[in-house]
Protein chains: 2
Amino acid sequence: MPERKPRKDAARNRQALLAAADALFARCDSPDGVTLAAIAAEAGVGKGTLFRAFGDRPGLLRALYAARLEPVKEAVEAGPPPLGPTTPPQQRVPALLDALLCFKLDNRRLALALEETGNGSPYRAEHYEHWHNLLDTMLARIPGLTDSDFTAHALLAAVRADLVEHLAGNERVPRERLRAKLAAFTARVLDSGPMRELAGDD
Amino acid sequence: MPERKPRKDAARNRQALLAAADALFARCDSPDGVTLAAIAAEAGVGKGTLFRAFGDRPGLLRALYAARLEPVKEAVEAGPPPLGPTTPPQQRVPALLDALLCFKLDNRRLALALEETGNGSPYRAEHYEHWHNLLDTMLARIPGLTDSDFTAHALLAAVRADLVEHLAGNERVPRERLRAKLAAFTARVLDSGPMRELAGDD
DNA sequence: AAAGAATGCGGACCCTCGGTCCGCTTAACG
DNA sequence: CGTTAAGCGGACCGAGGGTCCGCATTCTTT
């Protein structure tokens, strides 16, 4: 097995770098303003260390993003309703989108940085595929809903980092208002269909 | 009036640069692969000329994009139905989105390049605001549709260049199929609402 | 515990690319 | 045809991502 455990200082530096990057992204306005040299400096290590630990810029970003996203993933995969897997699609889809929106609101800069430095499109990022698959599967279970594939893309597009940033940051739409609008939109997409007139219960 | 007419060679070079950029974007896969030096070389002029003509990279991109988009804008503002202003929102909204989708399909690389080099978010680009305003206004006229503002953003997000590129380019979804999916999604968004059961005519 | 091996560190270095500058060219106009 | 200034080109600059390699630190072995 080629797996050797990493040295202690390496692990520590890795953490320091993640923390430094996080801090800098939170502090700076534009993600491009955060240089790798600056991150290394903030962490108190050399550039070489950074590259050894993460390979390149996207690598670092992905690592940070993955770390931050972990709790959400957890909550979706094994958490309690309405996010958890036991919830029926009709409620779980809106819950998921809301969770994603909240996540991006809480990690605005970081999400922005990843989606725009992600080397081209965010659609190649593994986590995108993850959410898309999940959403797609859930949507496919909703009766009367066709094209779950495209619909999943479209719904995810509604919570893209730069749109969220634009609305929350530039236009100062308050958090709860944004969530409400997204919820309304999601409901509109899910509740449509040919036989809407008889579904008034619950 | 401070407006002096430009010299003949200047105008010619400007055109040559636009054409060169167009060609290179069409040829190259990644928009980042197209450097300004390459564009200048392709056009047979020096870099200085390029910068004199367009100021900077985004400037060139915007100019190119605007030129390409002009016909669409024209068709929307003064063309025949279903794109023109005489069409009622219910039909005009899908028509507009379809036109936008087709445009991005026909100008994939270019649209990609603009949206990702547009210095941060595409949401600051004037043309985005243009389409958003128009869509917003149209949506507001549709009875039973709330949050026209957010809905407009969400619908536009469904035809973003990188998503289109992902679907048409990476996943090889054929043009007509994509258009159909978008149309279905749009219809779903528009046709929803509380009093769906009585609208069978047209 | 000491010594050898291997892993990791740091920052000088390189390269590419957007953008600037300035002396020369050339269109425009009288 | 001469004057003028708009325009041209490409050498040059600075910034930032990524590489490299001699030195330091940690792990392993006896």
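The sequence lines fix the lettering, A, B, ..., with proteins before strands; numbering per chain opens at 1. What's counted below: heavy atoms across the whole structure, side chains too, no hydrogens, waters or symmetry copies.
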**Prompt:** What nucleotide, of C:dA28, C:dG8, C:dT20, holds the atom closest to the side chain of B:K8?
**Reply:** C:dA28
**Fill in**
Whole-Å distance, B:D56 CG to D:dG14 C1', equals 17 Å
**Item:** Ion pair check, B:D147 and A:R177, cut-off under 4.0 Å
**Value:** no
**Item:** Integer-rounded Å distance: D:dG17 P and A:F54 CZ
**Value:** 15 Å
**Prompt:** With under 30° as parallel and over 60° as perpendicular, where do the rings of A:Y65 and A:H127 fit, or are they tilted in between?
**Reply:** tilted
**Request:** Round to the nearest Å and state the distance from B:D9 atom CG to D:dG7 atom C1'.
**Result:** 6 Å
**Request:** Could you check how far CG of A:L36 sits from P of C:dC13, rounded to whole Å?
**Result:** 20 Å
**Residues A:E176, A:R179: salt bridge by 4.0 Å N-O rule** = yes
**Complete:** Between CZ of A:R14 and C1' of D:dT26 the distance, given in whole Å, is 19 Å
**Prompt:** For B:K47, which contact category applies under a 4.0 Å heavy-atom criterion: base, sugar-phosphate, or nothing?
**Reply:** base
**Asked** Which comes earlier along DNA chain C counting from the 5' end, the contact point of B:R12 or that of B:F51, where each point is its nearest nucleotide?
**Response** B:F51
**Asked** When you match A:A37 and A:R52 each to their closest nucleotide on DNA chain D, which lands nearer the 5' end?
**Response** A:A37
**Asked** How long is the gap from CZ on A:R92 to CZ on A:R141, to the nearest 0.5 Å?
**Response** 8.5 Å
**Request:** Return the value, rounded to whole Å, for the distance between atom CD1 of B:I39 and atom P of C:dG19.
**Result:** 11 Å
**Value in whole Å for how far the C1' atom of C:dG8 lies from CD of A:Q15** = 16 Å
**Request:** Considering only NZ, NE, NH1 and NH2 on the basic side and carboxylate oxygens on the acidic side, decide whether A:R124 and A:E129 come within less than 4.0 Å.
**Result:** no
**Message:** Less than 4.0 angstrom between a side-chain N/O of A:N13 and OP1 or OP2 of C:dC9, yes or no?
**Reply:** yes
**Prompt:** If you find the nucleotide of DNA chain D closest to A:V34 and the one closest to A:G48, which residue's nucleotide is nearer the 5' end?
**Reply:** A:V34
**Message:** With a 4.0 Å cutoff (strictly under), does any side-chain N or O of A:T49 reach OP1 or OP2 of C:dG10?
**Reply:** yes
**Request:** Calculate the interatomic distance between B:L60 atom CG and C:dC17 atom P; express it in whole Å.
**Result:** 16 Å
**Prompt:** Using a cut-off of less than 4.0 Å, is there contact between a side-chain N or O of B:R7 and OP1 or OP2 of D:dA6?
**Reply:** no
